[in-house]
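Below, each value reflects all heavy atoms present in this structure, side chains not excepted, and no hydrogens, waters or symmetry copies.
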Amino acid sequence: MNMITRRQALGLSAGAAAALGLAACSSKKDPAAPAAGPSGKAAASGAPMSIPTGTIDETFEGHRIQITVGPGGHHGMPMPVVKIDGNDLHIMPNADGTWVTVVNHYQTFPDPISAARAAVRELQGADLVPFVAKEAKL
């Protein structure tokens, strides 16, 4: 009787998992319709950008979070300026419309306020230390 070996079974299952993963990554709801951001324009990847239009000033877990819309960032897009207790929290948009911070760099968040709240939780009562860039000496 011709039986399948473990190596063959592992190869078949790895191939099937890869095929399912590729099929899931390539499927979109409606690839022809780009999503529009708050200004009515589509973002670079077609994903909506969740940029607050006004100012946000709230206290979350004993820390003051302030978000304002600052001057244009990359490509002239207005970018939110996030402050926790008066210190700047560097926040970066992803291509898919989500946001990351220097505190939670490997987690994505749907909007800047969610990212700021997660940074406050991650700090666990510690103060946010301002980032000061130094020039490299060669």
Side-chain angles (χ1 to χ4, degrees):
M1 186 167 173
N2 190 6
M3 296 190 67
I4 189 169
T5 64
R6 279 186 249 162
R7 182 176 288 173
Q8 290 171 331
L10 183 60
L12 286 172
S13 61
L20 286 173
L22 286 174
C25 289
S26 64
S27 65
K28 283 179 122 179
K29 291 181 182 175
D30 187 8
S39 64
K41 297 179 185 174
S45 68
M49 295 294 287
S50 56
I51 298 174
T53 54
T55 60
I56 297 173
D57 192 351
E58 72 174 28
T59 302
F60 180 75
E61 293 187 6
H63 293 274
R64 185 176 183 190
I65 298 174
Q66 297 171 300
I67 301 178
T68 58
V69 179
H74 295 293
H75 308 291
M77 237 173 103
M79 295 297 294
V81 176
V82 180
K83 292 181 183 264
I84 297 177
D85 295 330
N87 294 321
D88 284 328
L89 173 68
H90 186 66
I91 189 166
M92 300 156 280
N94 291 323
D96 63 352
T98 59
W99 297 85
V100 295
T101 68
V102 293
V103 176
N104 304 83
H105 198 74
Y106 296 105
Q107 287 180 297
T108 59
F109 302 97
D111 51 24
I113 190 66
S114 299
R117 289 175 181 156
V120 166
R121 279 191 298 272
E122 187 69 27
L123 288 170
Q124 298 177 2
D127 291 331
L128 181 66
V129 178
F131 175 73
V132 179
K134 296 181 181 178
E135 288 188 28
K137 295 181 182 179
L138 299 176

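For Val100, the side-chain contact (heavy atoms from CB on, under 4.5 Å) partners two or more places apart in sequence, or in a different chain, are Met92, Asn94, Thr108. For Ser114, the side-chain hydrogen bond (donor to acceptor under 3.5 Å, both in side chains) partners two or more places apart in sequence, or in a different chain, are Asp111. Applying the side-chain hydrogen bond (donor to acceptor under 3.5 Å, both in side chains) criterion to Gln66, with sequence neighbours excluded, gives no partner residue. For Glu58, the salt bridge (charged side-chain N to carboxylate O under 4.0 Å, His left out) partners at least two apart in sequence or on another chain are Arg117. In this structure Arg64 satisfies the salt bridge (charged side-chain N to carboxylate O under 4.0 Å, His left out) test together with Asp57, sequence neighbours excluded. By the side-chain contact (heavy atoms from CB on, under 4.5 Å) test, Gln8 is found to be paired with Ile4, Thr5, residues two or more places apart in sequence or in another chain being considered.
Minimum heavy-atom separation, Pro80 to Ile91: O-CG2, 3.9 Å. Closest approach of Ala119 and Ile84 over heavy atoms only: CB-CD1, 4.1 Å. When all heavy atoms are compared, the tightest approach of Thr101 to Ala115 is CG2-CB, 3.7 Å. Considering every non-hydrogen atom in both Ile65 and Ala116, the closest pair reads CG2-CB, 3.8 Å. Summarising the geometry of Pro93 relative to Met79, their closest heavy-atom pair is CD-CE, 3.3 Å, with the distance given to 0.1 Å. Taking each heavy atom of Trp99 and Pro112 in turn, the nearest pair found is NE1-CD, 3.7 Å.
You'll find the side chain of Val81 reaches within 4.5 Å of the side chain of Asp88, heavy atoms only.
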